[in-house]
Amino acid sequence: MRKELEKVYAPKQFEDRIYRFWMEKGCFRGVIDPEKKPYTIVIPPPNITGQLHMGHALDETLQDILIRFKKMQGYAALWVPGTDHASIATEAKIVERMKEEGLTKEDVGREGFLTRAWAWKEQYGGRIVEQLKKLGSACDWSRERFTLDEGCSKAVREVFFRLYEEGLIYRGERIINWCPHCCTSISDAEVEYEEQAGHFWHIRYPLADGSGSLELATTRPETLLGDTAVAVHPDDPRYRHLVGKTVILPIVHREIPIVADEYVDPEFGTGVVKITPAHDPNDFEVGRRHDLPVINVMTDDAKIVEDYPKYAGMDRYDARRAIVEDLKAEGVLGEVEDHVHNVGTCYRCGTTVEPRVSLQWFVKMKPLAGPAIEAVKNGETRFVPERFEKIYFHWLENIRDWCISRQLWWGHRIPAFYCDDCGEMLVTDSTAPVCPKCGKEMRQDPDTLDTWFSSALWPFSTLGWPDDTEDYRYFYPTDTLVTGYDIIPFWVMRMMFSGLKQTGKAPFHTVLIHGLVRDEQGRKMSKSLGNGIDPLEVIDRYGADALRFMLANGNSPGNDMRYSDDKVKAGRNFANKLWNAARFILMNLSDNITEVKLPAELEDKWVLTRLQRLIGEATENLERYELGVALSKITDFLWDIFCDWYIEVVKPRLQEGGKTAEDAQQVLLTVMSAALRLLHPFMPFITEEIWQAIPHDAESIMEAPWPEVDEGLIFSDDAASFEAVIETIRGIRNVRAEKNIPPSRKSTVYIETAEGSLFQQGAPFYQRLASAGEVLIADRFDDLPDAIQVVTDKAKVYLPMGDLIDLAAEKERLTRERDKVVDELKRLNGKLANENFVNRAPAAVVDAERQKLKKAEERLKNIEESLAKL
RNA sequence: GGAGGCAUAGCUCAGCUGGUUAGAGUACCUGCUUGACAUGCAGGGGGUCGAUGGUUCAAGUCCAUUUGUCUCCACCA
């Protein structure tokens with residue numbers, strides 16, 4: 001059944017309705033079909049704490065374009081949606097909320113806390129999903145997943161067991177990044193560095209034998225409480241003789257050794273370094289090499305521990321001030337320099353990270369990184385654009401073991417159990433194991449896993465792995481992963497090594513990387529700046545299609561883009577244009593019009609030829625992930641070729657009625673139908689709404705086939721002829737505009753040409769499109785009145801306009817044109833006279849130049865003949 | 001310290017593996033109640049493609065150097 005189109009393009013009136021229609025029809029469902037090839041994308045699962053922002057909007061739009069395109073191309077397309085439990089972010093939210101009630105985690109206990117967290121998830125976790133729907137995302141919601149659901153949890157445990165069995169997961173005391181605010185360890189990838197102004201305090205450590213002192217410099221004097229050595233370079237002549245002696249640690253007055261270690265740079269500072277293995281990653285390594293004790297001086301929330309009564313309970317910065325004062329009092333403080341250095345901060349809360357030795361679980365990375373590097377090197381997986389492979393390699397080649405335990409409750413609990421009696425440890429799927437050694441009840445590790453541990457399994461855990469499901473067999477490996485460059489190290493890399501390790505296959509063959517959406521001034525959109533643009537507001541004002549247009553148009557892979565209201569408006573305007581073109585066609589469409597088989601007129605052949613070219617090019621661009629290029633070609637075609645030329649040219653035929661009108665209607669329908677389908681991946685709502693209104697086969701445009709090039713509708717010569725007509729019309733418009741002649745003032749048009757039949761076909765258009773009165777065509781006109789002249793390579797056009805004609809000006813204008821053509825001829829002749837060019841350039845290029853030369857020569861001849869008549 | 005991006009019309013940006021006289025949107029200027037659309041139509045001005053050098057018959061496109069700018073990584077205590 002055909003529907004009417006409203007007079008005004010008002011996306012709000014149909015976008016939600018159409019989304020429901022798709023849902024009810026099951027258009028988004030990925031259906032296993034052995035006859036088809038699968039095409040799978042898994043969504044980068046947004047955090048349940050999140051709201052849709054422009055970054056999501058871009059990410060989802062790109063995925064949606066690919067899914068819709070592939071589906072129309074006949075693939076069994078599946079887009080798996082879902083959300084991420086986001087352990088730190090969510091836990092922080094819940095803790096915050098409890099704080100308002102005056103409660104802490106400890107007050108409610110683990111069970112109570114998790115109950116609250118799940119309740120929160122039920123209440124708010126669906127928000128972002130609803131927002132994705134507003135965008136038009138063609139996700140298979142029947143397969144929606146959550147990183148903490150039963151299936152994902154099973155996959156997580158399975159991977160944990162496997163890696164543990166192989167010794168790739170281990171528990172140990174290592175130095176890790178600790179966030180004193182979130183009170184948990186975080187991984188290297190979760191640390192962000194920022195420049196901070198600080199100081200460089202010089203401190204003298206007296207030698208134990210009283211023979212003097214060693215001066216060193218530090219940015220963190222408070223850590224001296226945990227110093228267990230000072231180090232110098234083994235070859236440093238200044239200090240070599242002191243190695244093996246001891247110094248007295250100021251304030252604490254502990255005797256600590258002087259060690260020699262290559263790590264020390266003699267050129268930097270005084271060439272002496274205090275070693276605090278518990279609070280600095282490098283010092284930790286030095287400590288291991290020299291078997292130094294590790295003294296932790298801080299609590300979980302970065303306060304000084306009770307072993308140092310004078311500072312106990314002081315926050316690390318207060319302790320710093322106090323210790324500096326005490327050093328001064330002790331007379332060991334030297335120079336204090338200003339110093340700018342980079343400080344690690346928690347990506348979540350911005351708190352300065354405290355490196356800290358602690359007992360954590362780790363994944364051994366080296367054995368996993370190798371295959372992940374290899375898979376990209378050998379092309380099993382490729383990045384678009386390619387340059388991001390470098391970032392990927394860099395991370396994997398320099399990777400350290402991954403700290404996966406988090407001191408949080410919201411997440412996948414580590415399946416390890418300890419016997420408090422005998423110290424036995426057991427990794428098991430059982431929920432209440434007994435100690436295999438002493439038979440006692442065991443206590444489960446209180447920690448949970450890094451959120452990214454479960455995200456890393458997303459491409460296969462969502463498809464049923466570790467079970468051998470139909471989905472997994474058919475849809476895995478997935479095809480394209482779409483994500484921002486900022487999460488390559490967090491996610492892409494980890495999915496790669498996890499997929500390769502667990503499934504033996506790379507989880508996807510292509511990683512399509514996009515950039516950030518910045519604000520109009522080019523700044524990163526952020527909460528603190530308050531410059532974020534809410535995509536939902538934009539959709540509310542302009543429609544989802546306009547927003548999607550803005551995000552896809554003029555954006556190329558890997559590059560950042562700027563949001564701007566004007567760009568969204570451009571999208572809305574284009575939608576409006578398309579809307580009105582469709583309305584125009586519907587107004588003029590007789591019953592039982594079918595798509596064209598044999599185009600009748602020149603303009604029909606032209607527009608169909610251009611359409612075939614568009615189909616070929618847009619398809620190729622899409623296949624190469626050049627989405628923005630494809631969209632702008634489709635837009636240009638619809639607006640310039642179809643609306644501004646074809647529809648205008650064909651209006652008189654539609655008025656006339658009869659066969660010629662029906663022929664035109666067939667072409668209008670053919671072109672509209674194909675162009676709608678080409679545009680559909682980018683602007684799904686409006687294309688569906690129009691699709692429903694025009695005669696159509698498939699019930700939904702989503703089920704319509706992607707257009708293919710029809711060789712039978714390519715008419716190169718006719719198309720070229722029509723271009724000549726267009727050129728002439730443009731020429732007439734130009735001179736009329738130049739002379740400010742109002743359209744109401746018509747003029748007889750004399751066309752002097754050797755190709756009379758061609759221009760005869762174009763004759764009706766001059767009246768409509770070039771304000772022509774009578775049109776006369778001949779090989780030669782004698783005794784023409786004075787006229788304005790338009791000269792192309794195929795014709796001389798005369799516009800006798802009585803009082804408007806200034807012969808001297810005409811002569812000048814034509815002379816200028818002649819000079820231009822002469823210059824061009826000179827250039828072309830020069831090029832073609834160059835033997836190197838003719839011999840070495842491809843024949844096609846040389847031919848094209850010869851064609852140009854011919855055209856220019858014709859044009860020059862015509863101009864000169866015209867001039868002669870003046 | 002290392003790596004990379006970007007630099008093209010006033011503004012925002014396309015320009016794929018080098019091949020017309022470098023494009024679009026927007027802004028600007030001039031006309032237009034052209035019965036689909038003023039969210040529009042027609043026309044116009046505006047760029048020595050950051051700089052220098054090189055490769056090539058041919059460079060916005062490839063190479064080197066350089067300037068500005070942004071980002072990522074490392075983090076010398």
Side-chain angles (χ1 to χ4, degrees), chain A residues 5 7-9 193 200 216-220 223 230-231 263-265 267-276 280-283 286 341-344 385 387-388 390-391 394-395 398 485-486 488-489 515-516 520 522 524 542 546 553-556 558-564 566-567 569-588 620-621 624 626 628-629 632 635-636 643-644 647-648 651 730 733-738 740-744 768-771 820 823-824 827-828 831 834-842 844-846 848-849 851-852:
Chain A
L5 291 184
K7 193 158 169 30
V8 180
Y9 167 63
Y193 289 87
F200 222 7
L216 51 79
T218 180
T219 53
R220 303 197 54 200
T223 62
V230 295
Y263 154 69
V264 181
D265 175 5
E267 305 294 315
F268 189 83
T270 62
V272 185
V273 185
K274 66 194 265 309
I275 300 299
T276 322
D280 182 280
N282 290 308
D283 291 8
V286 175
H341 59 147
N342 279 342
V343 177
R387 65 172 186 271
F388 288 98
K390 276 193 189 140
I391 294 177
H394 183 97
W395 264 95
N398 298 289
Y485 55 70
D486 48 334
I488 292 173
L516 266 40
E520 246 159 306
K524 213 164 160 170
Y542 300 109
N553 191 43
N555 182 14
S556 51
N559 293 327
D560 289 354
M561 66 183 307
R562 297 188 191 201
Y563 171 86
S564 100
D566 283 346
K567 287 197 239 176
K569 274 187 202 150
R572 190 269 321 262
N573 292 355
F574 171 63
N576 183 251
K577 185 74 185 173
L578 177 64
W579 185 263
N580 280 293
R583 280 182 55 228
F584 174 81
I585 291 173
L586 287 171
M587 275 174 208
N588 288 283
E620 198 186 324
N621 287 132
R624 294 160 61 167
E626 294 158 2
V629 179
S632 70
T635 313
D636 288 351
C643 291
D644 289 346
I647 288 182
E648 290 307 322
K651 276 178 179 172
R730 284 218 173 100
R733 283 172 173 173
N734 282 353
V735 288
R736 293 186 59 113
E738 206 176 298
N740 268 327
I741 303 171
S744 54
R768 252 195 78 73
L769 304 176
S771 302
K820 264 205 296 204
D823 280 350
E824 198 190 340
R827 195 179 55 80
L828 287 168
K831 205 168 182 181
N834 180 345
E835 277 181 43
N836 281 324
F837 173 70
V838 178
N839 294 334
R840 298 194 199 186
V845 174
V846 178
E849 294 298 300
Q851 287 295 323
K852 271 184 275 175

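Every chain is numbered from 1, with letters handed out A, B, ... down the list of sequences.
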Separation between the [atom1] atoms of [N] and [M], rounded to whole Å:
N     : M     : atom1 : value
B:C49 : B:A14 : C1'   : 13 Å
B:G10 : B:U71 : C1'   : 27 Å
B:U48 : B:A22 : P     : 12 Å
B:U65 : B:A27 : P     : 43 Å
B:G44 : B:G23 : P     : 13 Å
B:G5  : B:G50 : P     : 15 Å
B:C62 : B:G68 : P     : 23 Å
B:U61 : B:U56 : C1'   : 13 Å

Any idea which of [options] is nearest the [X] side chain?
X      : options             : result
A:R733 : B:A3, B:G43, B:A77  : B:G43
A:R562 : B:C13, B:C37, B:A14 : B:C13
A:R827 : B:C37, B:U21, B:G19 : B:U21
A:A737 : B:C37, B:G43, B:A77 : B:G43
A:R387 : B:G4, B:G43, B:A36  : B:G4
A:H341 : B:C73, B:A36, B:A77 : B:A77
A:V264 : B:A77, B:G43, B:C37 : B:A77
A:K577 : B:A77, B:G19, B:C37 : B:C37
A:V845 : B:A36, B:G19, B:G43 : B:G19
A:R624 : B:C16, B:A74, B:G40 : B:C16

How many angstroms lie between [atom1] in [X] and [atom2] in [Y], if you round to the nearest 0.5 Å?
X      : Y      : atom1 : atom2 : answer
A:N398 : A:H394 : CG    : NE2   : 4.5 Å
A:K567 : A:N555 : NZ    : CG    : 8.0 Å
A:D283 : A:I275 : CG    : CD1   : 4.0 Å

Touch check for [X], heavy atoms < 4.0 angstrom, all strands: base, sugar-phosphate only, or nothing?
X      : answer
A:N555 : nothing
A:A848 : nothing
A:R572 : base
A:W395 : sugar-phosphate
A:D265 : base
A:N834 : sugar-phosphate
A:K567 : sugar-phosphate
A:Y9   : nothing
A:I647 : base
A:P489 : nothing
A:S564 : nothing
A:F388 : nothing

Side-chain N or O of [X] versus OP1/OP2 of [N]: is the shortest distance under 4.0 Å?
X      : N     : answer
A:N559 : B:A14 : yes
A:N576 : B:G40 : no
A:S556 : B:A14 : yes
A:N734 : B:G44 : yes
A:K390 : B:G4  : yes

Whole angstrom value for the distance that separates [atom2] of [N] from [atom1] of [X]:
X      : N     : atom1 : atom2 : result
A:D636 : B:G15 : CG    : C1'   : 13 Å
A:E849 : B:A58 : CD    : C1'   : 10 Å
A:Y563 : B:G25 : OH    : C1'   : 15 Å
A:D560 : B:G4  : CG    : C1'   : 13 Å
A:D280 : B:A74 : CG    : C1'   : 14 Å
A:I741 : B:G43 : CD1   : P     : 15 Å
A:D644 : B:A38 : CG    : C1'   : 14 Å
A:E520 : B:U26 : CD    : C1'   : 11 Å

Got [X] and [Y] here, is their nearest side-chain heavy-atom distance under 4.5 Å?
X      : Y      : value
A:I488 : A:W395 : no
A:L769 : A:R733 : yes
A:K390 : A:R387 : no
A:T223 : A:D280 : no
A:F200 : A:T219 : yes

Using purine N1 to pyrimidine N3 plus N6-O4 or O6-N4 for Watson-Crick, or N1-O2 and O6-N3 for G-U wobble, each under 3.5 Å, what pairs with [N]?
N     : result
B:A77 : none
B:U17 : none
B:A3  : B:U71
B:C28 : B:G44
B:A59 : none
B:A64 : B:U52

Donor on one side chain, acceptor on other, A:Y9 and A:N573, under 3.5 Å: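 No, because no side-chain N or O of A:Y9 sits under 3.5 Å from a partner of the opposite role on A:N573.
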Which is more 5' along RNA chain B, the nucleotide nearest A:K852 or the one nearest A:S632? Just name the residue.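 First, find each residue's nearest nucleotide; the 5'-ward one identifies A:S632.
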Between A:F574 and A:V629, who's closer to the 5' end of RNA chain B by nearest nucleotide?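 Its nearest nucleotide lies further toward 5', so the answer is A:V629.
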Whether over 12 other heavy atoms sit under 6.0 Å from A:K852 NZ: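 Enclosed.
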hbond_proxy A:N342 side chain to B:C75 base (donor-acceptor, 3.5 Å cutoff):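 Donor-acceptor pair under 3.5 Å: yes.
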Distance-only donor-acceptor test, A:E648 side-chain atoms vs B:A42 base atoms, 3.5 Å: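 Donor-acceptor pair under 3.5 Å: no.
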